[in-house]
4 protein chains.
Amino acid sequence: MASRKKEKYSQILEAALKVIAENGFHGSQVAKIAKEAGVADGTIYLYFKNKEDILISLFRERLGDLVDMFNSRIEETDSAKTALRKICEIHYNELESNVNLAYVTQIELRQSSLELRQEIGLAVKPYIELIGQVLRKGMDEGDFRSDLDVKLTRHLIFGAMDEVVTSWLISGRKYSLSAQVDKTVEFFLRGLEQG
Amino acid sequence: MASRKKEKYSQILEAALKVIAENGFHGSQVAKIAKEAGVADGTIYLYFKNKEDILISLFRERLGDLVDMFNSRIEETDSAKTALRKICEIHYNELESNVNLAYVTQIELRQSSLELRQEIGLAVKPYIELIGQVLRKGMDEGDFRSDLDVKLTRHLIFGAMDEVVTSWLISGRKYSLSAQVDKTVEFFLRGLEQG
Amino acid sequence: MASRKKEKYSQILEAALKVIAENGFHGSQVAKIAKEAGVADGTIYLYFKNKEDILISLFRERLGDLVDMFNSRIEETDSAKTALRKICEIHYNELESNVNLAYVTQIELRQSSLELRQEIGLAVKPYIELIGQVLRKGMDEGDFRSDLDVKLTRHLIFGAMDEVVTSWLISGRKYSLSAQVDKTVEFFLRGLEQG
Amino acid sequence: MASRKKEKYSQILEAALKVIAENGFHGSQVAKIAKEAGVADGTIYLYFKNKEDILISLFRERLGDLVDMFNSRIEETDSAKTALRKICEIHYNELESNVNLAYVTQIELRQSSLELRQEIGLAVKPYIELIGQVLRKGMDEGDFRSDLDVKLTRHLIFGAMDEVVTSWLISGRKYSLSAQVDKTVEFFLRGLEQG
DNA sequence: TATGAATGAGCGTTCATTCAT
DNA sequence: AATGAATGAACGCTCATTCAT
């Protein structure tokens, strides 16, 4: 019974993801999501407090999965440099192979109420903190410069990758996103300067 | 008479900026903007096609001003490194000294329709291209690595700065944004690596 | 212009009265009232805060008129006994000659939210107080017993008339309401007891 | 088994009374009543046709009990005057000592559909007829005036008491209701007039 | 009998836009 | 050019009732 309940919950989230990706945030009425999920409008409200709660849950669940994936894969890495490469690989690969999710997280979910965006901020935070941990590890192990401002730099790195994904989407995904990993990591590690 | 016309046009844009900054995107009805501008609701539609047109114009005008400022200030610089520093300085300083504009461009205007966001993309493009020009100049002059992917790197740089501004806003502006210029530019130029 | 505004306001109240009388409280959607008034749904909200506000206004305006009528007619009376008879006459006559109003005030408006019923209470209060004043006058002038509890008795009198009107409506108005005035006043004045 | 059935039936009515008294008519969903009664939502519909049927039954049962009480207590009385006093005593005492019932019958149940109110009317009818019987007895025995209109007067009496109870509730029960019996009966018997 | 998850009709309100003045 | 009263489409959410188990 618990699995049936969980099933319908996921079913609705899945439907929401598809509907939002196809119709945009403002074109995604609760009725449309319900229809896509194959349930009645009212059923939505047995599993979610309100429309916003669907979106928050969607973001939280999926981003949670991503962060879990990051954590487990990074444990396997030996150096901070490899870890940073791993992060960028997962970031680009996951969003490239799940375009609906990419579209919804990068484009649609950002045009929501303050409350939702605060929730999204909370969901993104663990990821940004993970980047910070890798930076600190690299500093401790002598791989990274010891004068880095971790709090600033983790945002520089997250923002850089985030923008690359967004511009890839807006461009119409005309090139491979995962093919940008090497050059992105190279930029993070060596910067712009010659030599 | 042309100036009178332009006057009211600017008056409405000014009002829109203030209203959105104070009430958020969803709390900014046309009627509220009209009241703040001191005109009737209908008058808005003599100067703008529709509500979206106000926002697009707002973004375009203000960002256009910024890009003009970038261009003129960068002409004065001698090297690509200095130019990049200048860009970051202006980016952080302008948004720090104009919090309403920062709030509206970073937070509020992003929660709009696809059409508006595409327009915003067009307005941001000249800025991103400017960054690209600086990169190319640095490569030509031997200051920057010759193997840089300009199209990718200009997004990495823009995204990094963009995220820093956003997180500064969300944090409640508890620290100086312009004080982040040095460390940001350092990251762009030298990257993370030791030595 | 003020009269035009007032015109539409009254037009909506008139429509509300008719719609509620014909369809009952629960069958009276805002859209139905708007249609009956010959205006758009949204227009309602230019004149009233919300649906409840229509009902409150309806009650307040009409009952206010009644109380005004009571006051002016009672001034003309010489004794408390005549005044009491006048009150009962107006009460029965007005509601008999305005069945829609009677139906809405006696039956429909009572099935509303606590907030509305409190408002109705406020609107009825001046009327009950008027009855109290007449009682006090009668006591002062020696027409009424000096040991009357005014606060209690005004409710006994109001409740008695109120119930008579309601039962007349529920019975299907099969008899004349105004024909009950004499016997009602007789009961108030002399009570049940034999001589 | 019949008793088990009756048990759950009463259990639901009891729960309905409590829930309506605590949450008001509009705040009393079937689900809430079911929860209070400790049964499933669907179980309600094994004992009652629909929600309205619960309320009708509630009123009918409780008012039936009251009328039974009236009848048995009045048999013990010798004169119509004493009987009338008894009626008023029971009316005020019962509702004062059962505030939930008072609140629900006087305030909440009145804001219901026409159908329900007609049913309530039927339930109240035997009580009003009882008052009529007492009046007739008093006329026969020479205690009451012989020119009374029984059909009218029984409503005057019921309405008077009904309004006193309601205003006592609305006032916040700041005084004793049963302490109003003497003055109420005095008004019924002697009316207002001096001498 | 009893359950409770699922249903889906129903409605008050907002607000961008229009148009008669 | 300017006004602002009027428009009416659009939608999230509730809750009485049903029915498969």
Side-chain angles (χ1 to χ4, degrees), chain A residues 1 4-5 7-9 12 26-35 37-54, chain B residues 1 4-5 7-9 12 26-35 37-55 113, chain C residues 1 4-5 7-9 12 26-35 37-54, chain D residues 1 4-5 8 26-35 37-54 113:
Chain A
M1 221 171 300
R4 286 238 10 195
K5 182 150 191 174
E7 218 173 273
K8 201 154 278 190
Y9 174 85
I12 294 169
H26 287 111
S28 298
Q29 298 81 358
V30 170
K32 211 178 265 177
I33 294 172
K35 198 176 179 186
V39 300
D41 295 15
T43 305
I44 299 272
Y45 294 87
L46 297 176
Y47 295 89
F48 301 93
K49 213 176 65 207
N50 51 32
K51 187 182 181 183
E52 192 150 64
D53 191 30
I54 306 176
Chain B
M1 223 168 298
R4 284 272 315 236
K5 179 154 186 172
E7 213 173 281
K8 202 156 274 188
Y9 173 86
I12 293 170
H26 287 110
S28 299
Q29 296 80 2
V30 170
K32 213 179 261 178
I33 294 171
K35 196 176 178 187
V39 300
D41 295 14
T43 306
I44 299 270
Y45 292 86
L46 299 173
Y47 295 90
F48 299 92
K49 211 178 68 203
N50 51 32
K51 186 182 181 180
E52 194 149 64
D53 192 28
I54 307 175
L55 306 177
S113 73
Chain C
M1 221 170 300
R4 286 236 15 191
K5 183 151 189 175
E7 216 173 274
K8 201 154 276 187
Y9 174 85
I12 293 169
H26 288 109
S28 299
Q29 297 81 359
V30 170
K32 213 179 263 178
I33 294 172
K35 198 176 178 185
V39 299
D41 295 14
T43 305
I44 299 271
Y45 293 87
L46 296 176
Y47 296 89
F48 301 92
K49 214 176 66 207
N50 50 33
K51 187 182 180 181
E52 192 150 64
D53 191 29
I54 306 176
Chain D
M1 225 170 296
R4 285 259 333 219
K5 181 155 187 171
K8 201 157 276 191
H26 287 109
S28 299
Q29 296 80 4
V30 171
K32 214 179 261 176
I33 294 172
K35 197 176 178 186
V39 300
D41 296 12
T43 305
I44 298 270
Y45 292 87
L46 299 174
Y47 294 89
F48 300 91
K49 210 177 70 202
N50 50 33
K51 186 182 180 179
E52 194 149 65
D53 191 28
I54 307 175
S113 72

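What you see is a predicted model, and the numbers here were worked out from it, not measured in a lab.
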task = Using atom NZ of D:K35 as one end and atom P of E:dA5 as the other, report the distance to the nearest whole Å.
result = 12 Å

key: Nucleotide F:dC15, atom C1' - distance to CD1 of D:I54 in whole Å   = 13 Å

query = Counting only side-chain N and O atoms of B:Y47, is one of them less than 4.0 Å from OP1 or OP2 of F:dA2?
reply = yes

query = Rounded to the nearest 0.5 Å, how far does CG of B:N50 lie from CD1 of B:I54?
reply = 8.0 Å

message = Rounded to whole Å, how long is the line connecting atom CZ of D:F48 with atom C1' of F:dA16?
response = 15 Å

inquiry  = So that I can compare with my own list, what are the stems of DNA chain F, taken as at least three consecutive Watson-Crick or G-U pairs with distances under 3.5 Å?
reply    = E:2-21 with F:2-21

For B:F48, ring-ring contact (aromatic ring centres under 6.0 Å, His included) partners two or more places apart = B:Y9

key: Position toward the 5' end of DNA chain F (nearest nucleotide), B:T43 or A:T43   = B:T43

query = Looking at A:I12 and A:I44, what are the two nearest heavy atoms and their distance?
reply = CG2-CD1, 3.7 Å

ask   = Do the side chains of B:Y45 and B:V30 get nearer than 4.5 Å, heavy atoms only?
value = yes

request  = For D:G38 and for A:V39, locate the closest nucleotide of DNA chain E by heavy-atom distance; then report the residue assigned to the nucleotide nearer the 5' terminus.
outcome  = D:G38

key: Separation of D:D41 CG from D:Q29 CD (nearest 0.5 Å)   = 10.5 Å

task = Find the distance A:I12:CD1 to E:dT7:P and express it as a whole number of Å.
result = 9 Å

query = Between A:I33 (CD1) and F:dC11 (P), how many Å, whole number?
reply = 12 Å

Atom-to-atom span, CG of C:L46 to C1' of E:dT14 - whole angstrom = 11 Å

request  = Quickly work out the C:I44 CD1 to E:dT13 C1' distance and round it to whole Å.
outcome  = 12 Å

request  = Find the distance C:H26:NE2 to F:dC15:P and express it as a whole number of Å.
outcome  = 12 Å

note = Letter by letter from the 5' end, nucleotides 16-21 of chain E scores (B base, S sugar-phosphate only, - none; protein heavy atoms under 4.0 Å) SBB---

inquiry  = E:dC15, OP1 or OP2 - any side-chain N/O from B:K32 closer than 4.0 Å?
reply    = no

task = Examine distances only and state if a side-chain atom of C:K51 and a backbone atom of C:S28 form a donor-acceptor pair shorter than 3.5 Å.
result = yes

